[in-house]
Amino acid sequence: MGTEILSVAHYVPSNVLTNFDFEKIVETSDEWITERTGIKERRIAEPEVATSDLAKEAGLRAIKKAGLKSEDIDAIIVATATPDTYVVSTACHVQYKIGAKNAFAFDLWAACPGFIYGLKVAKGLIKSSGVKNVLLVGAETLTRFLDWEDRATCVLFGDGAGAVIVSNSDKKDKIIDVFLGADGSLKDLLIMPAGGTLTPFSPEVYEKRECFIKMKGREVFKNAVLRMQEAVDIILERNNIKPERIDYFVPHQANIRIIEALRERLRMPKEKVYVNIDRYGNTSAASIPIALSEMEEKGVLKKGNLVLLAAFGAGFTWGSALIEW
């Protein structure tokens with residue numbers, strides 16, 4: 001039995017926050033942000049909008065494009081680091097909101113590579129347990145956890161969701177391979193220190209600004225390039241594929257400098273590397289499915305294209321995937 005992506009879709013909030021808007025919030029400039037990150041604007045969810053709302057919209061679009069109904073979904077996986085609630089998974093919120101009454105549902109917490117981790121899990125469910133249709137969503141409302149006084153982090157992130165339907169196939173396996181990695185010893189380089197069982201929320205936590213995302217940029221950059229290249233090298237080698245055979249490379253949209261450094265190391269031409277960080281910023285687990293959805297909408301992706309995915313994020317976690325479109 002093979003696996004394939006039947007459809008892809010995305011949804012982003014309509015509210016746009018530009019670099020010029022940030023000039024009014026913190027000591028920064030459009031030139032500073034653009035030069036260091038490649039970001040020009042990002043989307044911000046309205047206060048009443050939760051991660052599950054973004055995931056619901058992307059999910060319903062993916063279901064419709066696949067020619068399915070919500071009742072046809074057997075499993076829902078939501079890759080997110082910004083859940084609606086603790087105890088109850090965001091996937092359960094989504095299951096209720098889209099009316100997928102026949103689906104089991106759970107969250108997958110692997111930060112920015114969450115979508116790639118989800119591909120591995122969805123493929124495994126289909127191959128091992130008789131599941132037919134999996135709704136896999138990468139969704140984030142990262143802007144709820146930003147320190148708007150910290151110009152090094154608050155300019156980087158945005159909100160959004162991307163979704164795919166992963167299904168079984170009688171033909172060849174189009175989710176060719178997925179490689180995953182992690183190194184918990186580097187956890188403190190990119191983390192929100194408070195909010196969990198180790199350090200619950202409290203007035204003191206807020207005063208220390210520990211309830212917001214903290215990042216050591218230089219160390220994250222070095223590890224991101226190294227581990228993403230490693231993930232790409234491993235998956236290409238074990239599938240006996242040369243980089244020139246790749247039709248498109250879709251990296252996690254974290255920083256244009258990371259993307260460029262990786263592209264140069266892989267010796268890939270710019271036209272093969274999809275970039276949309278300028279319009280969305282870093283949407284974590286949502287960034288790759290949003291990119292894939294845009295590529296399909298623009299007619300960039302063609303049937304039979306060989307697509308390489310790679311991501312790196314907090315944890316640290318990283319991964320790569322080879323898929324045939």
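Along the sequence shown, the residues carry numbers beginning at 1.
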NZ (Lys222) and NZ (Lys216) are apart, to the nearest 0.5 Å, by 11.5 Å
Does the plane of the ring in Tyr280 sit parallel, tilted or perpendicular to the ring in His10? Use 30° and 60° as the thresholds.
perpendicular
Within the 4.5 Å heavy-atom criterion, are Met268 and Leu308 side-chain neighbours or not?
yes
Before you tell me yes or no, could you show the steps for Arg257 and Glu35 under side-chain contact (heavy atoms from CB on, under 4.5 Å), namely the whole-Å CA-CA distance, both residues' side-chain angles and the distance that decides it to 0.1 Å?
CA-CA 9 Å; Arg257 290 182 172 181; Glu35 179 184 344; 4.0 Å; yes
Identify whether the distance between the nearest side-chain nitrogen and carboxylate oxygen of Arg227 and Glu230 falls below 4.0 Å.
yes
If you take all heavy atoms of Ala111 and Ser284, which pair is closest and at what distance?
C-OG, 3.5 Å
Would a single hydrophobic cluster contain both Ile175 and Phe249, if residues Ile, Leu, Val, Met, Phe, Trp and Tyr are joined by side-chain heavy-atom contacts under 4.5 Å?
no
With sequence neighbours left out, write down each residue that passes side-chain contact (heavy atoms from CB on, under 4.5 Å) with Pro269, or none if nothing qualifies.
Glu271, Lys272
Are the side chains of Tyr117 and Trp109 in contact, using a 4.5 Å heavy-atom criterion?
no
Flag for Asp72-Asn133: side-chain donor and acceptor within less than 3.5 Å:
no
Co-membership, hydrophobic cluster, residues Val8 and Ile98, 4.5 Å side-chain:
no
Under 3.5 Å: donor-acceptor pair, side chain of Gln253, backbone of Asn276
yes
Arg263/Glu260 salt bridge by N-O under 4.0 Å criterion
yes
If two hydrophobic side chains count as joined below 4.5 Å and joins carry through other members, does Ile116 share a cluster with Tyr248?
yes
Given 3.5 Å as the limit, does a donor-acceptor pair link the side chain of Ser167 with the main chain of Lys132, or not?
yes
Side chain to side chain donor-acceptor pair (under 3.5 Å) contacts in which one or both residues fall within residues 296-306, not counting sequence neighbours
Lys65-Glu296, Tyr274-Lys298
Going by an N to O cut-off under 4.0 Å, is there a salt bridge joining Lys97 and Glu57?
no
To the closest 0.5 Å, what do you measure between OG1 (Thr317) and CG (Leu180)?
9.0 Å
Heavy-atom distance under 4.5 Å between the side chains of Ile5 and Ile165, does that happen here?
no
side-chain contact (heavy atoms from CB on, under 4.5 Å) between Thr3 and Asn168: does it pass, once the steps are laid out?
CA-CA 5 Å; Thr3 54; Asn168 65 355; 5.7 Å; no
With a 4.5 Å cut-off on side-chain heavy atoms, are Arg61 and Tyr11 touching?
yes
Quick check on Tyr96: does its OH atom have over 12 non-hydrogen neighbours (other residues, nucleotides or ligands) under 6.0 Å away?
no
Does the Asp84 side chain pair with the main chain of Ser52, one donor and one acceptor, at a distance under 3.5 Å?
yes
Is it the case that more than 12 heavy atoms not belonging to Glu244 sit under 6.0 Å from its CD atom?
yes
Under the criterion side-chain contact (heavy atoms from CB on, under 4.5 Å), which of Val49, Thr143, Leu142 is the partner of Ile44?
Thr143
Does Ala45 offer a backbone N or O that forms a donor-acceptor pair with the side chain of Asn15 under 3.5 Å?
no
Asp247 and Trp325: CA distance, side-chain angles, deciding distance, side-chain contact (heavy atoms from CB on, under 4.5 Å) verdict
CA-CA 10 Å; Asp247 292 301; Trp325 203 250; over 6 Å; no
Ignoring hydrogens and angles, tell me if any N or O in the side chain of Asp278 forms a donor-acceptor pair with the backbone of Gly38 under 3.5 Å.
no
Could you walk me through whether Leu135 and Ile77 pass side-chain contact (heavy atoms from CB on, under 4.5 Å), step by step?
CA-CA 6 Å; Leu135 172 61; Ile77 304 171; over 6 Å; no
Could you check whether any side-chain N or O of Arg42 sits under 3.5 Å from a backbone N or O of Val155, counting only pairs where one atom can act as donor and the other as acceptor?
yes
Is Leu266 close to Asp233 at the side-chain level, that is, under 4.5 Å between some pair of heavy atoms?
yes
Quick check: is Leu108 connected to Ile126 through a chain of hydrophobic side chains (ILVMFWY, heavy atoms under 4.5 Å apart)?
yes
Do the non-hydrogen side-chain atoms of Asn282 and Ile39 ever get within less than 4.5 Å of each other?
no
For the CZ atom on Phe106, are there more than 12 heavy atoms of other groups (residues, nucleotides or ligands in this structure) within a distance under 6.0 Å?
yes
Output the distance between atom CD1 (Ile25) and atom SG (Cys154), rounded to the nearest 0.5 Å.
7.0 Å
Verify whether the ring centers belonging to Trp148 and Phe22 lie closer than 6.0 Å.
yes
Between the side chain of Lys242 and the main-chain N/O of Glu237, is any donor-acceptor distance below 3.5 Å?
no
Spatial distance of atom CD1 (Ile191) from atom CD1 (Ile213) [nearest 0.5 Å]
11.0 Å
Which pair of heavy atoms, one from Ala310 and one from Val232, lies closest together, and at what distance?
CB-CG2, 3.8 Å
Lys56 NZ to Asp53 CG distance, which is reported to the nearest 0.5 Å:
6.0 Å
So, Ser287 side chain and Thr283 main chain: donor-acceptor pair closer than 3.5 Å or not?
no
Nearest heavy atoms of Asp159 and Val12, plus distance in Å:
O-CG1, 4.2 Å
May I ask you to decide whether Lys123 forms a salt bridge with Asp173, counting only side-chain N to carboxylate O separations under 4.0 Å?
yes
Got a donor-acceptor contact below 3.5 angstrom from the Ser293 side chain to the Pro289 backbone?
no
With heavy-atom distances below 4.5 Å as the criterion, would you say the side chains of Met215 and Leu189 are in contact?
no
Would you sort out whether Thr51 and His93 count as a side-chain hydrogen bond (donor to acceptor under 3.5 Å, both in side chains), showing the intermediate values?
CA-CA 9 Å; Thr51 297; His93 287 284; over 6 Å; no
CG (Leu68) and OG (Ser7) are apart, to the nearest 0.5 Å, by 7.0 Å
Here the pair of heavy atoms bringing Ala105 nearest to Gln95 is CB-CB, 4.2 Å
I'd like to know if Ile176 and Phe115 are part of one continuous hydrophobic network [Ile/Leu/Val/Met/Phe/Trp/Tyr, side-chain heavy atoms within less than 4.5 Å].
no
Please walk me through it: do Asp150 and Lys214 pass salt bridge (Lys or Arg N to Asp or Glu O under 4.0 Å)?
CA-CA 9 Å; Asp150 179 10; Lys214 305 293 183 184; 5.4 Å; no
Please identify which of these residues, Asp107, Leu54, Leu60, Val78, meets the side-chain contact (heavy atoms from CB on, under 4.5 Å) condition with Val94.
Val78
Heavy atoms of Pro251 and Met228 approach each other most closely as CB-CE, 4.2 Å
Main-chain N/O of Thr82 paired with Glu140 side-chain donor or acceptor, under 3.5 Å:
yes
